[in-house]
Amino acid sequence: MKLVVLTGAGISAESGIPTFRGQGGLWRNFKPEELATPEAFAKNPKLVWEWYDWRRQLISKAEPNKAHLLLAELEGKLDSFFLITQNVDGLHQKAGSKKVIELHGNIWRVRCLSCRAEYELYEAPLKEIPPRCLYCGGMLRPAVVWFGESLPKKELSEAFELATRCDVFLVIGTSGVVYPAGYLPFVAKEHGARVVEINLDRTPISDMADLVIRERASVGLEQFLEKMLNL
Ligand code: NAD
Ligand code: ZN
């Protein structure tokens with residue numbers, strides 16, 4: 001069986017990382033849509049970096065949960081298994097997943113606005129906000145994809161390609177409203193895959209999914225694995 005899994009912020013909720021939608025996602029009363037944009041950064045880089053610094057500190061203390069660990073195990077067990085994530089927290093890799101397609105970048109990477117250098121910066125909390133480029137002293141930005149920006153080409157085409165040739169497409173903890181990632185389950189379905197959703201809430205994917213598991217990610221994934229043989 002060819003399995004492709006798409007994860008969103010909901011899979012990391014049990015690790016204590018707030019999602020963007022749903023409860024607990026606010027920081028100082030700002031909505032993520034007001035901070036995770038190129039316009040917000042251009043207007044107030046300090047404010048945007050303070051938010052990232054808060055998120056980076058939370059993530060640095062977080063551990064992968066059962067759902068991340070089960071997916072890492074599955075990678076070794078199935079002949080054809082691919083993991084695509086919208087998350088930027090790196091918890092799949094921390095859980096032991098080796099092949100992870102990161103559609104929205106990684107919160108530990110930074111990019112220089114002057115010399116374009118891109119590198120990992122694990123300091124949390126940051127000593128200086130906004131942080132400065134190690135090579136040229138220019139201003140750094142998080143190397144993540146903000147609302148309104150394009151996704152990395154290679155990762156995006158790989159993800160769409162995978163969606164067209166899998167037997168089961170499993171979506172865990174994503175609101176499905178951030179595009180183009182939100183199209184992936186629909187592409188999979190059009191190409192004949194069975195779509196399974198694990199989410200606490202109803203999403204635009206729920207109605208077309210072949211199976212919906214209304215549980216938190218860890219419990220839902222355990223149930224899915226039990227049912228998988230019958231799929
Ligand atoms: P989202 O915040 O839009 O939606 C989260 C979804 O997870 C919701 O549908 C919610 O019902 C569900 N959910 C919440 N807790 C859950 C749980 N315990 N188990 C299962 N489902 C649960 O997140 P998204 O769809 O990933 O898209 C938003 C964007 O936010 C992405 O681009 C992503 O990069 C970014 N983001 C990433 C992180 C992270 O890396 N951990 C955190 C927040 C946001
Ligand atoms: Zn630089």
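We count ligands from 1, going down the list as the structure has it; atoms in each ligand are counted the same way.
- For the residue pair E197/S206, the side-chain donor-acceptor check at 3.5 Å is satisfied.
- Between S206, G173, G220, it is G173 that holds the heavy atom closest to atom 7 (O) of ligand 1.
- Set against the non-hydrogen atoms of A13, the atoms of ligand 1 under 4.0 Å away are 15 (N), 18 (N).
- Which parts of ligand 1 touch P18 is read off a 4.0 Å heavy-atom cut-off, strictly below it: atoms 42 (C), 43 (C).
- Regarding atom 10 (C) of ligand 1, its nearest protein heavy-atom neighbour is N199 OD1, 3.5 Å.
- For atom 40 (O) of ligand 1, the closest non-hydrogen atom on the protein side is V88 N, 2.8 Å.
- Looking only at protein heavy atoms, the nearest one to atom 33 (C) of ligand 1 is Q86 O, 3.0 Å.
- For an aromatic pair to be called close, the ring centres must be under 6.0 Å apart, and W51 with F30 fails this.
- Of all atoms in ligand 1, listed by their number and element, those nearer than 4.0 Å to a heavy atom of I17 are 41 (N).
- Salt bridge present: D210 and K189 bring a charged side-chain N and a carboxylate O closer than 4.0 Å.
- Ranking protein heavy atoms by distance to atom 41 (N) of ligand 1, first place goes to D89 OD2, 2.7 Å.
- In summary, the atoms of ligand 1 found under 4.0 Å from a heavy atom of G8, numbered by their order in the structure, are 26 (O).
- Shown here for R214 and L200, the closest heavy-atom pair between the two residues is CD-O, 3.6 Å.
- Comparing S175, S218, A217 against atom 1 (P) of ligand 1, the shortest heavy-atom distance belongs to S175.
- The number of heavy atoms from other shown groups lying within 6.0 Å of NZ (K66) does not exceed 12.
- Atom 28 (C) of ligand 1 has as its closest protein heavy atom R21 NH1, 3.6 Å.
- K94 NZ: more than 12 foreign heavy atoms inside a 6.0 Å radius.
- With 3.5 Å as the limit, one finds no donor-acceptor pair spanning the side chains of T7 and Q86.
- Among protein heavy atoms, atom 29 (C) of ligand 1 sits closest to F20 CD2, 3.8 Å.
- Close approach to V178 involves these atoms of ligand 1, each under 4.0 Å from a residue heavy atom: 27 (O), 28 (C).
- Under a 4.0 Å N-O distance rule, the pair E161/R165 qualifies as a salt bridge.
- Summary of contacts: the protein heavy atom closest to atom 25 (O) of ligand 1 is T174 OG1, 2.6 Å.
- Close approach to A9 involves these atoms of ligand 1, each under 4.0 Å from a residue heavy atom: 2 (O), 23 (O), 24 (P), 26 (O), 38 (C), 42 (C), 43 (C), 44 (C).
- Under the 3.5 Å distance criterion, with hydrogens and angles disregarded, no donor-acceptor pair is assigned to the side chains of S218 and H68.
- Side-chain contact check for I129 versus E50: some heavy-atom pair is nearer than 4.5 Å.
- Proximity to D201 (heavy-atom distance under 4.0 Å) selects the following atoms of ligand 1: 11 (O).
- Of the inter-residue distances, the one linking F224 atom CZ with L170 atom CG reads 4.5 Å to the nearest 0.5 angstrom.
- The residue among G10, S15, G90, A67 with a heavy atom at the shortest distance from atom 13 (N) of ligand 1 is G10.
- Expressed to the nearest 0.5 Å, how far CZ of F82 lies from CD1 of I84 amounts to 9.5 Å.
- The angle subtended at the Zn ion (ligand 2) by SG of C115 and SG of C133 is 110°, given to the nearest 10°.
- The proximity of H104 to ligand 1, defined as any non-hydrogen pair under 4.0 Å, is limited to the side chain.
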